Amino acid sequence: MILSANKSVTKRKQALDFQQLGLSEETLATLAEVGYDRPTPIQAALIPLALEQHDLLGQAQTGTGKTAAFALPILELVELKPNKPAAIILTPTRELAVQVSKEVQKLAGKRQLSIVCLYGGKPMQGQTNQLKKGAAIVVGTPGRVIDHVKRGNLSLNEIEFAVLDEADRMLDIGFRDDIEYILKRCPQARQTLLLSATLPPAILELAKRYMNAPKMVNFSLNKVAADTIDQFYLLVPDEIKFDILLDLLKREQPQQAIVFCRTKLGTERLYRKLFKSGAVNGLGTIHGDLAQSSRDRMMQDFRDGKISCLIATDVVGRGIDVTGISHIINFDIPELSDDYVHRVGRTGRMGKTGVAFTLVEPLQRSELAKIERKINRRLELDPMQTHVDQMAEEKLGLKPGAPPKSKYRRAL
Ligand code: ADP
Ligand code: MG
């Protein structure tokens, strides 16, 4: 008995090839061209089921290739009907909509498919014109998609595929009614795919109401933060966080870094201060108060490597995929432990190594403990702590004798 159970596990573990998943020659050729040698585990699991036209609920940690997992089956199954979109992909943020549409475009290869990306903060007209020319696949944020539906620019009557990407995040943001509005207007005989890092009751409820006997594909394995990411923290009084950030950047010389702050205002302030200091070359910032055109430009410059250090709110914490990111610095510890996981997940993508640092203010130790419980792992105290303590004493007159290491920590 045990033997056969083991056997089946080994069998399942054997890496599959894209050739074994039921994809067309055309798609296989594109995959070779874009350099995807092997499917990721979630792709190997999802693609065959999606090609059999099942509704699917996919749960997997970030950076596991979920986009291609839904994009490839869509590209195989979508029938071209000019003016009649056959697939709609909803994402929580504008940046993610752009990224997903680029990935779909890349995977479409030589297929003559028009992919239109709809998101707010941009004039309607350009998007309307694109829709008028005919769109096979629409990617967008729920609000803007609804705008186009209401104005009669976009018809959902012929949708064969609906995808909810980062579904838990969309519900967090409050897109529930918008998602329902859209799904209600799609034909019932469609295929629905839902991707989410977590499956809280609200997601399961949505699945029950709008999906048809969905199959679950779970790859979360309780491994919320990738193993390839080294994670450190420093206990730093608010007054000297900026100095310590400078020292950290100087020591680490990141190839590319995202520095996360909690608020839009804090992000803008830190950006200006860093800019003035002249300490960082290739500095950028992205947050919700910036015009969409600047947000787009910043993201593009970051992808192109023109920006090496991006100061950001959690707006880029989800789903954004830039492979060169070597460092995540939490200038402010995130309010929600989930956000920690998503921020840190921006590095260490696709098996690369990455490192994350979190600056913890003295009164935030319990928040650190909460994160550690969430990821079921302790962050390591960075050796620079001695330097921080010295500076705290010199600048703020804080007595050294800071509590010994063990007292910094709370029991998990
Ligand atoms: P997720 O949505 O799970 O966070 P993404 O779909 O954004 O992950 O994919 C992460 C990165 O991996 C992207 O840069 C993508 O181009 C790349 N990628 C996806 N699948 C493969 C594959 N089979 N081989 C190589 N790279 C891949
Ligand atoms: Mg994704």
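Since the model is a prediction, treat every value here as computed from it, not as a measurement. Read the numbers this way: they start at 1 and go in the same order the structure lists the ligands and their atoms.
With contacts defined as side-chain heavy-atom distances shorter than 4.5 Å, the pair Leu283/Ile307 does not qualify. Using a 4.5 Å heavy-atom cutoff, the side chains of Gln43 and Lys66 are not in contact.
At least one N/O-N/O distance between Gly65 and ligand 1 falls below 3.5 Å. Below 3.5 Å of separation, one finds an N or O of Glu103 facing an N or O of ligand 1.
Summarising the contacts of atom 3 (O) of ligand 1 with Thr64, Val100, Asp165, the nearest heavy atom is found in Thr64. Of the listed options His342, Arg346, Lys66, Lys102, Lys66 places a heavy atom closest to atom 2 (O) of ligand 1.
Ligand 1 places these atoms under 4.0 Å from at least one heavy atom of Arg38: 22 (C), 23 (N), 24 (N). Taking a cut-off of under 4.0 Å to the non-hydrogen atoms of Thr67, the atoms of ligand 1 that pass are 2 (O), 5 (P), 6 (O), 7 (O). Within ligand 1, counting atoms from 1 as listed, the ones closer than 4.0 Å to a heavy atom of Lys106 are 16 (O).
In summary, Lys241 and Asp332 engage in a salt bridge, as defined by a charged side-chain N under 4.0 Å from a carboxylate O.
A cation-pi geometry, defined here as NZ or CZ lying under 6.0 Å from the six-membered ring centre and within 45° of its normal, does not hold between Arg269 and Tyr271.
Side-chain N/O atoms of Tyr181 and Lys184 include no donor and acceptor closer than 3.5 Å. Looking at Thr198 and Asp168, their side chains do bring a donor and an acceptor atom within 3.5 Å of each other.
Contact annotation for Phe18 and ligand 1: only side-chain heavy atoms (C-beta onward) come within less than 4.0 Å of the ligand.
Nearest heavy-atom pair, Gly284 versus Met298, reported as atom, atom and distance to 0.1 Å: CA-SD, 3.8 Å.
Not close to ligand 1: Glu166, with no non-hydrogen atom less than 4.0 angstrom away.
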